[in-house]
Number of protein chains: 2
Amino acid sequence: MSEPQIRQATLRDVADLAGVSYQTVWRVVNDRPHVAPETRERVLMAVRKLDYRPHRAAQMLTTGRSYILQLVIFEYGYGDPLPAVLHWAREYGYTMVVTELKDPTSPESVRAVLRETARMIDGLLMVMPYPHLSYEALTQLCRGRPFVVVNTKLGSRMPSVVFDQWNGGRQAAEHLLNMGHRQIAEICGPLENFDAQVRDRAWRAVLVEHGLEPGPRVVGDYEVCSGYTGAQKLLQTQQPFTAILSGNDLMALGAIRALREAGLRVPEDVSIVGFDDIAEAAYFDPPLTTVRQDFDVLGKASVDYLAALIEHQEIAVQQRVLYPELIVRKSVQRLETPGKEVGQAQET
Amino acid sequence: MSEPQIRQATLRDVADLAGVSYQTVWRVVNDRPHVAPETRERVLMAVRKLDYRPHRAAQMLTTGRSYILQLVIFEYGYGDPLPAVLHWAREYGYTMVVTELKDPTSPESVRAVLRETARMIDGLLMVMPYPHLSYEALTQLCRGRPFVVVNTKLGSRMPSVVFDQWNGGRQAAEHLLNMGHRQIAEICGPLENFDAQVRDRAWRAVLVEHGLEPGPRVVGDYEVCSGYTGAQKLLQTQQPFTAILSGNDLMALGAIRALREAGLRVPEDVSIVGFDDIAEAAYFDPPLTTVRQDFDVLGKASVDYLAALIEHQEIAVQQRVLYPELIVRKSVQRLETPGKEVGQAQET
DNA sequence: CCTCGGGATGTGACGGGTCACAATCAACCG
DNA sequence: CGGTTGATTGTGACCCGTCACATCCCGAGG
C-alpha cells in the first residue's frame, strides 16, 4: 500500500526540463542576478512542475549550515519554554530538534546526546537547571558550535538567558511579610536544582533581614504529590506557621489539598504562595497567589540570542536576565497584626 | 570569545593519520569485516585521537536515510505524547524534529510545515485531532514518506494510533448512571476536535439508550477558563442537573471552581467526571474521577508503528486502537435513588 | 612453478547542491 | 572594426560518506 519512495527532483532534473544548465536553475532558486527574465520564467515553470525542493542534506554538506537548532531538556515542567522556542525558531527559519537528557549531572550523558546530532545542527539551547557543567566544559562538548544555556544560575559566566530567581524568591517572601505573616514555612523544590536552592536562600535571607526565624522547611521534587506529603510533614513538625512558600504551583496544589484534609482552611488558617504561574493557578481553590515566570519571553529571548550567536559570532559572552513578577490572587490572607511594610525586591 | 568553528575530522583525516585509505577507516567505523586486527587497532586510535564522528548530512545524502523523525503537533495539551515520543524515538535510534502547526485545517499550512523538512526526515508523526485531511491528501503531502497519524478519528483508513474516544465517553457516562445520576449536564470540548465530538455523541447515546433526556450542554475549548465560564452558563440555564461530564480535566477544574463560587458543593451537590487523568487530577479538590488516556503508551505505540513502516514498508494500512480507563476518585457522589446497574463499555 | 581462493586494502564514481571561474554574446566605445 | 564592458550562461571541483569494483598479497593445491 505504501508508496514506493518517490524520487525527488534535483537541480539537474529541473535544468533538463527547462533546457538550461543546473547553475542557472540554482540562480533562479536562490534568487541570484544574471538570469534573463524569460529564462527565469521558464525555470520557475519547471520548478513548479517537478515540485522541486532543495535537498537540505546536500545544502548542509556544502555550506556547513543546517538551519537546525537543538533543544536539550531534561525534564518536562509545566512552564517549560518549549512552545515558545518552537514558535520563534520557526519564525527565524530554523527547524528544532528536541532531545531529552536523562542525567544532566554527567558530562557523559550530555556527550551522548550531543554525539547524536554531531555536525548536524547550527546551535544548541540547553535547559540546565543543574549548574554542573562549566562554560569551558560545555564549549568543549559542543565543539565550537554556539550554544545558549536557558534557566541556569544567575551570575554564571556563559551565554545564557535566566530568570532572576533570587528576586522572585524575595518577592514571594516579602509579600507574605507585607501581609502580616511572621511564621513562614517552606516547601522548596529539589535542592539539586539551583533555582530551588536560590529561592530557598532568598526566603531565608528576607526573614533574617527582618529579624525573623525561618519556619519549618521540607524539600519536595516539584511534583504535586510532594507538595501534598510536604504539607503533611510540615504539620507534623508541630512548629507553628501561618503561611507556606511553595517552590512551584504544582506543589502548592498538593499542599492545599493536604491542609484541607487536615481541617485547615486556605487562606483563612494558612496562606500559600506558589511559583511559576501555570495556566491553572488562577483556577485553584483558592486562586493562587504566585510569582510568574514568563516562559514565552524566556523562549523568545533564548532563540534570539542563539540566532545572533550563529549569525555573527563576535558577541561577547553574556547573561540575559529576566525578572519574575508577583501575581496577587486569593491564597494569602492579610493578618490582623500588620508589621511595617517590607522593602521591594529590586526593580525589574 | 566564541570558538572559531572547529574543523571536524573526516574519514580522510583519520585515514591520513592512521596511514591507511579512507575506505579502511570506513570499514572500521562501520564494523565491517576485511580489516586486519592490528590495522583496526591503529585506525581506532586515530578515530579517538581526532574524535571523529560521521557527518550525518553526508550519510543522509548517500544513503537516503536520515534517522530523523518529525513530530507535528498543533496544540500543547497537558497530556500530549511528546515526552513518550521523544523517549522512544531516541531508544530506537531516531532524532526528533518537533514542529508546531498553527492551522491544521488548511492543507496549505500543513504543506508549509512539511516543506521545511523536505527530504530530511525518514517519517512523520502527526497529532491530528482535526480529521480534515484524508489519507490520500496526507500521502500526497508527505510525498511517499511514511507517516503515522496520532489521535485521529477512530475508523479512519490511515496508518494511525488512536484512543477509542467513544468507549471513553461511554465509560464516563455509564459511571454516572451507575452512581444513580439521571440529570447529567456536559461541558464538552471544542467540536472541531473529533475527540470532543465523539465523546459528546457517546454521552448522548448512553443517555438515550437508558431513556433519559440529555441535560444542558455548553461547549468549551479545553482550557481551564472555559470550564469555569461553562459551569456558570450551565447554572444559568436553570435546567436541573446532578452531575457534569467534562471534556477534559482542566475544564473540570474550572467548573469545580465556578460551582463552589455559586455556593454548591462538589460532589455533594454536583458530581463531576473529567477526561485525560492529568497528573494533578488526583490532587484536585475533590480528587477527580476521570477517564485516563495513557499518553506514554500512545507515544510508544506511535513511534513503534512509524519505525516499522520505515524499516519494512510492506505493512498494510491499519489503525491501532488503545482504550481509555475509568479512574474512580471522589468527585462523583452516589445518589440515594439507585437505578439498575448500567452495561459496561465494550471490553478493552 | 603456476594457478586459484580469499582476505586485506585501495580506487573511483556518486549523491545533490554550492561556488569560483571560464566561456559566450551582444552592445558600446573610440 | 578591434577591444572593452557587462550581463548571461555553463563547467568543474568540492563537501563527506557510501558502495561497487579493482588490486595486492599470501598460502594452498595441482
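By convention in this document, chain letters (A, B, ...) are assigned in the order of the sequence lines, proteins followed by strands, and residues within each chain are numbered from 1.
Counting non-hydrogen atoms under 4.0 angstrom, B:V29 reaches nothing in the nucleic acid. Residue B:H55 is in sugar-phosphate contact alone, with no base atom involved, counting any heavy-atom pair closer than 4.0 Å across all strands shown. A:R40 comes within contact range of no nucleotide atom at all, as no heavy-atom separation falls under 4.0 Å. Note on B:R119: only backbone sugar-phosphate atoms sit closer than 4.0 angstrom, heavy atoms only; bases stay farther off.
Side-chain to base pairing of B:R56 with D:dG17: no donor and acceptor N or O lie closer than 3.5 Å to each other. With hydrogens and angles left out, the side chain of B:R27 and the base of C:dG10 share a donor-acceptor pair within 3.5 Å. For C:dT18, its base never sits under 3.5 Å from the side chain of A:Q59 at any donor and acceptor pair. Between the side chain of B:R12 and the base of D:dG17, at least one donor-acceptor pair of N or O atoms lies under 3.5 Å. Not a single donor-acceptor pair, N or O on each side, falls under 3.5 Å between the base of C:dG16 and the side chain of A:Y52. Between the side chain of A:Q23 and the base of C:dT18, no donor-acceptor pair of N or O atoms lies under 3.5 Å.
One finds no salt bridge joining A:K49 and A:D13 here, because no Lys/Arg side-chain nitrogen approaches an Asp/Glu carboxylate oxygen to under 4.0 Å. Salt-bridge check for B:D304 with B:K300: passed, with a basic side-chain N closer than 4.0 Å to an acidic carboxylate O.
Side-chain contact, B:E116 with A:T95: no donor N or O sits under 3.5 Å from an acceptor N or O.
Between B:L61 and B:P33, the one whose closest nucleotide on DNA chain C sits nearer the 5' end is B:P33.
Of all the heavy atoms in A:P33 and A:R27, the pair that sits closest is O-CD, 3.4 Å.
One atom, NE2 of A:H34, and another, C1' of C:dT24, lie 15 Å apart when rounded to the nearest Å. Atom CZ of B:R32 is separated from atom P of C:dG6 by 20 Å (rounded to the nearest Å).
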